[in-house]
Trainee: 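Sending over a structure as structure tokens; questions will come in a sec.
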Amino acid sequence: MSSILKKEKNKQTSGVDICFLVSSSGKKSYQKLSENYSAIETPTWALLLAESCRSVGFEVKIIDANAEGLSHNKILSKIESYNPRILCLVVYGQNVNAGTSNMSGAVDITNYLKKSNVSYPIAFIGSHVQALPKETLEKEKNIDIIFTNEGVYALRNLLKLENFLPDNLKTIKGIGFRDSNFINITLPEKVVPTERMDIDLPGYAWDLLPYKNKPFDLYRSPMWHAEYDLKKRTPYASLQTSLGCVFKCEFCMINLINRNDTDEVGVASNYSNMRFWSTNFIIKEFEKLIEMGVETIRIVDEMFLLNPKYYVPLCEKLAKLNKKDKLRMWSYSRIDTVKRLDILKLVRKAGIKWLAIGIESGDKAVRLEVAKGKFEDVDVKDVINKIHDADINVMGNYIFGLPGDTKETIKKTFELSKELCTAGWNTYTAMALPGSQLYKDALKKNYKLPDTYEGFSWYSYETQPLPTDSLKPEEILEFRDKSFKEYHTHKPFLDKIEKTFGKKAAANIKDMTKVNLKRKILGHLK
Ligand code: SF4
């Protein structure tokens, strides 16, 4: 039994039931980009879980150390002032796929707190522990409890316990914990079904977020979302109107929140499932944000424009809220669901001024293989033109180094991106993210994986992308970093930005390209 669990004998009478902590891995994961350029997202799952626990009578607090830039010492005193029965680190990514890289800051603060002999157990919820529950508990001796899926019901059941001793913990489904040297992973817990979303995940505990002068002023959008205008980045918030995704892309680990097995290595594509809040319910969350002065909003859904029965009424309601076209929102879409101009016009009317589209590869065979049914075979150029015709900007997302990629195909992808000339460009190197099929394949193929959590960040010094049959990780990474600069200084792109958003926007982009990312595998010194 860990010493911390022994200490938790009786339910404390003062203090809150649970404190959610969002830690920061900024510098390690984003290097210099963390200073001005990377986004600071509102912590979706901390907000959802806090509201869920609060709705059934538990007292909760949130510390967003990432937004507030708190030192370890400040975090410790803040937690002490709340005196929680349990501390829960919520470790997802700003980018949905960045949960593992954010483990770096979460583990650092956990080790610091344990060194300070804190008396509450420390739990982790997030994509990395969902993917590798046993391995994480074996490796990180200071983590007491982990949740094996989204954790809504497991967390409520845990908080009902009189104490967190192993005999009690064994009765809670959907968790893992250490009992002496033995790691217990309990049976899976169910996730909130669609018909109970409004009831068991009843919105966001916005009021628990920190701010400086006015709500949401510690959060900032990515540059492109704010039309490359630094002033429009804040106040900013993210909102999820559905959870999960019906697809099974090999590089993605989004569906880990739905995990329903106890395998040592979870693979997200085994848990594909999409759940929705009702339109009438979720529109109220948008209303709250707008009332608090937020116009720059990210709709976090993995597949917002998938089911017209859902998104059409929602967009109609949003269009009514989008008075004077003030809203500046973005959402993801799959490329083959945005073929109809009338739908695109409605989306634009709703205030969605950007669609992030996963184009992934300029090579059809590579794209269709890795996306596992995500795409019908569509004419990418035609789709992008239609989106542009509806006055919506596109953030084009690409991946270099997918299985089957060669020097020629990644070049083809880059050339396609230049031809499409979208106002936003983002290219990742393929990475074996824990919880993705690529991770499981990489283990089988004995590929070198990152030695550190931040090695799973696309922007870190330690970044370790996957190789392909014909390309080394360093070749792919070098091409990615060069392409980033080339695209963002490409004259047709900058002309387009200047024409659409003004001179200052183009100047801000040029400034951004001056940040040089250092990479260990390219032989750079730190
Ligand atoms: S479409 Fe693919 S990449 Fe996008 S969220 Fe779904 S599984 Fe992940």
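Each ligand, and each atom within it, is numbered from 1 in the order the structure gives.
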Trainee: Among D469, L438, D441, L466, which residue meets the side chain to side chain contact (heavy atoms under 4.5 Å, CB included) test with P403?
Mentor: L438
Trainee: Between A268, C252, A356, flag the one that comes closest to atom 8 (Fe) of ligand 1 by a heavy atom.
Mentor: C252
Trainee: By the definition salt bridge (charged side-chain N to carboxylate O under 4.0 Å, His left out), identify the one residue from K412, K418, K411 that meets it with E415.
Mentor: K418
Trainee: If I take every N, O or S atom of C249, is at least one of them less than 2.8 Å from atom 2 (Fe) of ligand 1?
Mentor: yes
Trainee: For residues W458 and F456, establish whether the separation of their ring centroids is below 6.0 Å.
Mentor: no
Trainee: Look at atom 5 (S) of ligand 1 and find which of M274, E302, K248 reaches it with the closest heavy atom.
Mentor: E302
Trainee: Run the numbers for me: atoms of ligand 1, each under 4.0 Å from some heavy atom of M303, listed by number.
Mentor: 1 (S)
Trainee: Any N/O/S of C245 under 2.8 Å from atom 6 (Fe) of ligand 1?
Mentor: yes
Trainee: Please state whether the rings of F304 and Y311 are parallel, tilted or perpendicular, taking 30° and 60° as the class boundaries.
Mentor: tilted
Trainee: For R196, run the side-chain hydrogen bond (donor to acceptor under 3.5 Å, both in side chains) check against T194, D198, D200 and tell me which one passes.
Mentor: D200
Trainee: Is there a heavy atom of F251 sitting under 4.0 angstrom from any atom of ligand 1?
Mentor: yes
